[in-house]
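Below: the structure, in C-alpha cells.
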Amino acid sequence: MNKLLKLSIFSCLLVVIASCSSETKSEKTVKNYWPNAGVTYEIFIQSFYDANGDGIGDVKGVIEKLDHVSDLGANAIWFMPIMPSPSYHKYDVTDYKAIHPDYGSMDDFKKLIQVAHEKDIKIVIDMIINHTSDEHPWFLESKKGRDNPYRDYYVWAQADTIQGFLDKKTVTLDSDNIRQWHDPGFGKDYYYGFFTGNMPDLNFDNPKVREEIYEIGRFWLEEVGVDGFRLDAAKHIYPDDRAKDNHNFWDEFRAEMEKIKPDVYLVGEVYDMKEVVAPYLTGLPALFNFDFHYTLLNAYAKEDGMMLAKKQHEILDFYHGITENFIDATISSNHDQPRLLNELGEHKDKMKQAIAILITMPGAPYLYYGEEIGMLGKKPDENIREPFLWDEKGEDVGRATWIVPEYSTDETVQPLALQKEDPESYYNHYKTVIHLRNTHPALATGSLSLTKQQYPKSVMAYERILPDQNLMIFHNIGGKTVEVDLPVGYSNVIYELKGASIKGDKLTLPAYSSVVLDK
C-alpha cells in the first residue's frame with residue numbers, strides 16, 4: 001500500500017473516531033488561548049526547511065511548512081534570531097533592521113507574517129539587546145577611541161580600575177564564561193562582555209542606547225508587523241548587582257513598546273529561581289518557567305509524582321503575590337537544553353507522558369521544534385539544533401544540510417511523513433494532547449488545585465478548575481502499576497495514556513500512564 005493511500009485511510013479513521021466521541025459539541029470547539037495560555041512553537045530557521053536548496057533553512061521554507069504548525073495545534077511561533085550575524089546561531093547581531101541573507105529578504109519575512117496571520121498564527125522574534133556582535137558598526141566605532149561618539153554605547157573601563165575583576169567571576173546558570181572584561185588589542189581599555197568577548201554588552205546607562213533600542217522595537221512592530229519579542233538575557237541588561245535597574249529598564253521598555261502596539265507580547269528569559277524571576281513580571285508580563293523543566297526531570301529521576309505539581313502551585317502563588325496579570329511560559333525543553341528525549345533516557349513512554357503533563361498543567365506552553373517527532377540532541381548546542389526530518393532521506397527535498405547531524409539521523413528518528421501514518425507516533429500523540437487542551441477550557445485557563453488525598457509516591461494528581469468545568473488529572477510517573485480510589489464525582493474518562501482505566505470505584509494507572517477525568 002503506498003504512503004499516500006495509507007495516510008488517507010488513517011485520516012479517515014481519525015474522522016470516524018472523532019465523530020463517535022461522546023463529548024458535546026461545545027467541548028469540541030477549538031479555541032485559541034494565546035497569549036495567556038496558548039501553545040507557542042519555537043523554530044530555528046536554519047534547521048527547519050530549506051526551500052532554495054542551499055542546505056540552510058530559510059523564511060520561504062517556513063512559509064511552506066506553516067500548516068505543520070497549525071496542524072499541530074500551536075497558536076504562535078517564536079523564531080530564534082533572524083538578524084544578520086557572523087555566527088550560525090545569530091545571537092550576536094550586526095544589523096538590527098534586516099534579515100540574515102541566508103534566511104531570505106525582509107519582503108520574504110513580511111510575506112511569512114501575512115500568511116501566518118491568515119492562519120491565526122502569531123509571530124514572535126528573538127530580540128537580542130543585552131549585547132551586539134563585536135562586528136556591529138556601533139562597536140567598530142566604539143573601539144576606535146575614548147572620544148568616538150559611539151564610545152559610550154558600550155561599557156568601557158581602564159585596566160587599572162578593574163584589575164580585581166579581570167579574572168574573577170563565578171559561573172552562572174546561563175553562562176559558563178569566566179572572563180567578562182575583554183581587551184580589544186590595545187592593552188589599556190577593556191570592554192564588558194558578559195557572555196563572550198565576541199558579544200560586547202551595550203551601555204543602557206546611555207539614553208542614546210535606550211532610544212536606539214526603542215526605535216528598533218518600533219521598526220519590527222510597526223513596519224514589519226511582528227506580534228512581539230522574546231527578550232534574550234533579560235537579567236543582564238545591567239550587571240547582577242544592579243537588579244533594580246534591570247527591573248526598571250524593563251518597565252520602561254514595556255511602556256515604550258505599548259505606546260507602539262498596546263497588545264505587544266513580551267516574554268523574557270530570566271534564567272534563575274522564582275524569587276529572582278518574579279520582580280521582572282511588571283516589565284515582562286510573560287517569563288519562561290525554567291523551574292518547570294528541571295523539576296519535571298527531577299520528578300522522573302526520583303519517581304516523585306507530586307514534586308512538579310507542588311512546585312508549580314508554589315510558583316503560581318508566588319507570582320500572584322507580585323501581580324495578577326502574568327503569563328507563565330512553561331517549557332519542557334528549548335534550544336539551550338539537551339533534547340527532552342535524551343534527558344529522559346530515550347524512554348518513549350516517559351517522553352509521551354512528559355508532554356501530557358506539560359499540556360495539562362497551567363501556563364502557556366512552549367514546544368521546541370522537532371520534539372514532536374522525538375528528535376535527539378546533546379551539548380554542544382549545535383547538536384541540539386540539528387535539521388528537522390520531514391521525510392525519508394531520499395524523499396526529503398527540504399531537509400537542511402548545514403550540519404552533519406550526530407543525534408537526529410534517519411537511523412535514530414522516524415521522519416514526520418512516516419509518523420503521520422502511525423497512530424502511536426510522537427507526532428500524533430502531540431496532536432492529540434494539544435487538541436485536548438484547545439477543546440477543554442479548564443486545561444487551558446483553569447486554576448490549579450492540589451488534592452489532599454494521599455496517593456502512592458509515583459502519582460501526580462491535580463485538578464484544573466473553572467466555574468463551569470472541573471477536570472481531575474492523574475499521571476503515574478513510576479515504572480510500576482498502581483491502583484487508587486476514584487475521586488468522588490469523577491467518572492468520565494476524556495483522555496487516557498498507556499491503558500489507564502476505571503473499574504468500579506478504582507482507577508488503575510499502569511507505568512507512565514495518564515488520565516483526564518470529567519464529572
Closest heavy-atom pair and its distance - [X], [Y]:
X	Y	result
Tyr300	Lys350	OH-O, 3.4 Å
Asp126	Pro81	OD2-CD, 3.4 Å
Ile327	Ala364	CG2-CB, 3.7 Å
Ala461	Met472	CB-CE, 3.9 Å

Please confirm whether the backbone N or O of [Y] pairs with a side-chain atom of [X], one donor and one acceptor, at under 3.5 Å?
X	Y	value
Ser142	Trp138	no
Arg464	Leu471	no
Asn342	Lys378	no
Ser85	Asp92	yes
Asn198	Asp134	no
Asn470	Ile465	no
Ser105	Asp108	yes
Asp95	Pro84	no
Ser425	Gln419	yes
Asp50	Asp54	yes

Discussion item. Is the ring pair Tyr192/Phe194 parallel, tilted or perpendicular, if the boundaries are 30 and 60 degrees?
Written reply: tilted
Discussion item. The test is salt bridge (Lys or Arg N to Asp or Glu O under 4.0 Å); show your working for Arg242 and Asp205 and say whether it passes.
Written reply: CA-CA 12 Å; Arg242 296 178 62 183; Asp205 284 323; 2.9 Å; yes
Ignoring hydrogens and angles, state whether a donor on the side chain of [X] or [Y] is under 3.5 Å from an acceptor on the partner side chain.
X	Y	result
Thr132	Tyr96	no
Asn75	Asp120	no
Thr330	Asn289	no
Gln312	Asp328	yes
His335	Glu42	yes
Asp232	His131	no
Thr94	His136	no
Asn298	Thr295	no
Glu372	Tyr41	yes
Tyr426	Gln414	no
Glu371	Ser333	yes
Thr360	Tyr462	yes
Ser47	Trp402	yes

Beyond-backbone contact of [X] with [Y], side-chain heavy atoms, under 4.5 angstrom:
X	Y	result
Pro285	Phe326	no
Met460	Leu308	yes
Ile373	Val413	yes
Ile331	Gln337	yes
Ile384	Asp336	no
Glu269	Phe290	yes
Asn438	Thr29	no
Ile357	Ile477	yes

Fill in: Lys310 atom NZ, neighbour heavy-atom count above 12 within 6.0 Å
no
Got a salt bridge between [X] and [Y], using NZ or NE/NH1/NH2 to carboxylate O under 4.0 Å?
X	Y	value
Arg385	Glu382	no
Lys235	Asp272	yes
Glu223	Lys97	no
Arg399	Asp391	no
Asp381	Lys379	yes

Aromatic ring proximity [X]/[Y], centre distance under 6.0 Å:
X	Y	answer
Phe139	Tyr191	yes
His236	Phe204	no
Phe48	Trp390	yes
Trp78	Phe288	yes

Worksheet item: Does NZ or CZ of Lys122 fall inside the cone over Trp34's six-membered ring, less than 6.0 Å from its centre and within 45° of the axis?
Response: no
Item to complete: Taking the six-membered ring of Tyr153 (Phe, Tyr or Trp), confirm whether the NZ or CZ of Arg210 is under 6.0 Å from its centre and within 45° of its axis.
Response: no
Fill in: With sequence neighbours excluded, residues passing ring-ring contact (aromatic ring centres under 6.0 Å, His included) with His247
Tyr280
Fill in: side-chain hydrogen bond (donor to acceptor under 3.5 Å, both in side chains) evaluation trace for Gln469 with Asp518
CA-CA 8 Å; Gln469 186 177 58; Asp518 197 358; 4.6 Å; no
Practice prompt. Can you tell me which residue pairs pass the salt bridge (charged side-chain N to carboxylate O under 4.0 Å, His left out) test with a partner in residues 253-268, sequence neighbours excluded?
Written response: Arg254-Glu258, Glu256-Lys259, Lys261-Asp263
